[in-house]
Novice: 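Here it is, the structure in full.
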Amino acid sequence: MTDSPQDHQQPHHGGSDQPSQCPVRPVRSDSSGHTSYVVAGYAEARQALADPRLSKNTAAFFANSDSKRRLHPAVSQSMLASDPPRHTRLRKLVTKAFTTGAVAALRPFIEQVTDDLLDAWPTRGEVEVVADLAMPLPVTVICELLGVPEDNRSDVKRWSADLFAAGRPGRIDAASHAMAEYMAGLIAEKRERPGDALLDDLIRVRDGEDRLSEEELVSLAVLLLVAGHETTTNFIGSALLALLQQPADLERLRQEPDLVPGVLDELLRHSSPVSTATFRYTTEAITLGGAEIPAHAPVQVAIGAANRDPARFPAPEQLDLGRDAAGHLSFGHGIHRCVGAPLARAEAELALRKVLTRFPNLRLAVPPEELVWRPTRLVRGLKALPVLV
């Protein structure tokens with residue numbers, strides 16, 4: 001989930017420089033005038049993600065800027081855009097909903113949603129995986145978990161996509177307001193008719209112990225809703241594409257679907273749904289990867305590039321399902337590591353397992369080079385993945 005109200009120049013998975021040869025480099029940013037530092041080496045990225053001298057307090061960084069942006073505070077000042085102790089307090093409130101045990105209890109529902117979506121696929125012909133599985137599955141699950149009514153889920157999908165619209169600041173800002181206003185209205189409705197969803201739990205915290213401000217409540221709800229599906233959608237599509245290009249691996253997983261959980265880390269490393277971590281800046285001068293970074297400098301941690309650093313992962317462009325890739329950075333590292341990682345893994349596992357076993361003739365409908373990637377901020381995913389079943 002992105003939190004920064006600014007669009008920064010964004011490295012892709014690769015680039016001309018090998019991360020290990022150029023692990024940290026300065027990049028002159030677009031119109032802001034800031035020099036950003038891109039961290040592409042694995043060791044340096046891991047260090048940066050856990051370094052308390054790199055702040056995520058976006059509001060503090062941009063406090064005196066003359067930016068014309070009007071991103072809603074629910075997005076620009078979310079839990080993800082905060083430091084301890086505020087971050088610690090907010091994260092503690094939602095962590096229990098995403099523990100391994102909590103997700104295990106959700107598995108039957110995730111499985112049912114997956115089956116229902118695949119039941120709608122034809123027995124023969126063309127299917128578009130993003131629209132017909134990768135997007136609706138995590139959206140349905142997170143909306144169900146939060147208690148978002150079915151009638152509103154298409155709006156949620158549209159606003160969320162707009163929040164990641166690269167080079168469209170007006171669209172991003174408008175989506176942030178629409179999402180926040182919707183969530184504030186839903187919270188008001190739930191106060192009138194309480195339920196037992198995660199959002200109801202957070203409302204009780206706000207109205208009971210008063211450990212959440214109303215602004216924090218809306219912000220948490222928006223963050224969970226967007227972060228709860230956007231990257232998982234991208235990962236399911238990218239992972240399936242990677243497997244479709246390696247038929248022997250695809251067939252092996254089809255024959256032995258219990259192997260799927262064990263290969264998710266390598267798929268996450270190879271096809272990272274996050275190309276660049278959310279906004280950070282230095283609170284003091286630091287040295288990283290031999291580079292001197294001054295205080296108050298934006299730092300972009302290029303997760304996709306770090307995951308393909310040959311110093312950490314030999315032959316990084318190769319999808320090797322036998323590789324131990326547990327150290328990948330696709331869920332981040334440190335105190336901001338993705339709280340929803342267990343849920344994302346469960347959704348991706350069930351989606352891949354069921355697609356492969358239910359559709360034994362699955363293959364790409366177009367050459368891989370004809371596929372279009374979404375021009376999004378920070379995350380990486382396919383616009384569409386047409387397949388033949």
Novice: So, are R168 and D162 salt-bridged, with charged N and O less than 4.0 Å apart?
Specialist: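 Salt bridge flag = no for D162 with R168.
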Novice: How many angstroms lie between CG in L264 and CG in L352, if you round to the nearest 0.5 Å?
Specialist: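 Going from the CG atom of L264 to the CG atom of L352 covers 6.5 Å.
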Novice: With a 4.5 Å heavy-atom cut-off, do V387 and R363 have their side chains touching?
Specialist: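 When only atoms from C-beta onward are counted, R363 and V387 do not touch, as no gap falls below 4.5 Å.
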Novice: For H336 and S82, which heavy atoms make the closest approach, and how far apart are they?
Specialist: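 So the minimum-distance heavy-atom pair works out to CE1-O, 3.2 Å.
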Novice: Taking atom types as modelled, find out whether S272 and S330 have a side-chain donor-acceptor pair closer than 3.5 angstrom.
Specialist: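 S330 and S272 do have a side-chain donor-acceptor pair below 3.5 Å.
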Novice: Do L356 and L241 belong together in a cluster built from hydrophobic side chains that touch within less than 4.5 Å?
Specialist: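 Yes, same cluster.
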Novice: Any chain of hydrophobic side-chain contacts (each under 4.5 Å) joining L106 to V139?
Specialist: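 In one cluster with L106: V139, no.
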Novice: With the 4.5 Å side-chain cut-off for hydrophobic clustering, are V24 and V299 part of the same group?
Specialist: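 Yes, same cluster.
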Novice: Does one side chain, of T276 or Q300, offer a donor that lies under 3.5 Å from an acceptor on the other?
Specialist: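 No, no side-chain donor-acceptor contact under 3.5 Å.
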Novice: Is it true that R252 and D249 make a salt bridge, defined as a side-chain N closer than 4.0 Å to a carboxylate O?
Specialist: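 A salt bridge is absent here (no side-chain N lies under 4.0 Å from a carboxylate O).
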Novice: Give a yes or no on whether a salt bridge exists between K383 and E128, defined as a side-chain N under 4.0 angstrom from a carboxylate O.
Specialist: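 No, K383 and E128 are not salt-bridged.
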Novice: Flag yes if L267 and L259 sit in one hydrophobic cluster, no otherwise; membership is Ile, Leu, Val, Met, Phe, Trp, Tyr, and two members link when side-chain heavy atoms are under 4.5 Å apart.
Specialist: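 Same hydrophobic cluster.
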Novice: Kindly say whether R91 contributes a backbone atom to a donor-acceptor pair with the side chain of T95 at under 3.5 angstrom?
Specialist: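 Indeed, once roles are kept as given, a pair shorter than 3.5 Å links the two residues.
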Novice: Looking at R70 and D173, is there a salt bridge between them, counting it only when a charged N and a carboxylate O are closer than 4.0 Å?
Specialist: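 No, D173 and R70 are not salt-bridged.
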Novice: Will you find, in the side chains of Y182 and D155, an N or O donor that is under 3.5 Å from an N or O acceptor?
Specialist: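 Y182 vs D155: no donor-acceptor pair found between side chains.
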Novice: Assess whether a salt bridge exists between D265 and R345, defined as any Lys/Arg side-chain N lying under 4.0 Å from an Asp/Glu carboxylate O.
Specialist: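 Salt bridge between D265 and R345, a charged N being under 4.0 Å from a carboxylate O: yes.
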Novice: Under a 4.0 Å threshold between the charged nitrogen and the carboxylate oxygen, would R280 count as salt-bridged to D83?
Specialist: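 Looking at R280 together with D83, the answer is no, because their closest N to O distance does not fall below 4.0 Å.
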Novice: Mind checking the CG-CE spacing from L146 to M183? Nearest 0.5 Å is all I need.
Specialist: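 The CG atom of L146 sits 6.0 Å away from the CE atom of M183.
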Novice: Please determine if R107 and E349 form a salt bridge, counting it only when a charged side-chain N lies under 4.0 Å from a carboxylate O.
Specialist: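 Looking at R107 and E349, the cut-off is met.
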Novice: Identify the two heavy atoms, one from W373 and one from S238, that lie closest to each other, and give their separation to 0.1 Å.
Specialist: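 It is CZ3-OG, 3.5 Å.
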Novice: Here's one to test your reading of the geometry: is the NZ or CZ of R323 within 45 degrees of the ring axis of F313 and under 6.0 Å from its centre?
Specialist: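 Checked: cation-pi criterion not met.
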Novice: Could you check whether any side-chain heavy atom of T114 comes within less than 4.5 Å of a side-chain heavy atom of R353, counting everything from C-beta outward?
Specialist: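 Heavy-atom side-chain distance check fails, nothing below 4.5 Å.
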Novice: Spell out, as yes or no, whether a donor-acceptor pair under 3.5 Å connects the side chain of S55 to the backbone of Y281.
Specialist: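 No, S55 side chain to Y281 backbone: no donor-acceptor pair under 3.5 Å.
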Novice: Between V301 and L329, is the side chain to side chain contact (heavy atoms under 4.5 Å, CB included) condition met? List the steps.
Specialist: CA-CA 10 Å; V301 181; L329 299 176; 5.7 Å; no
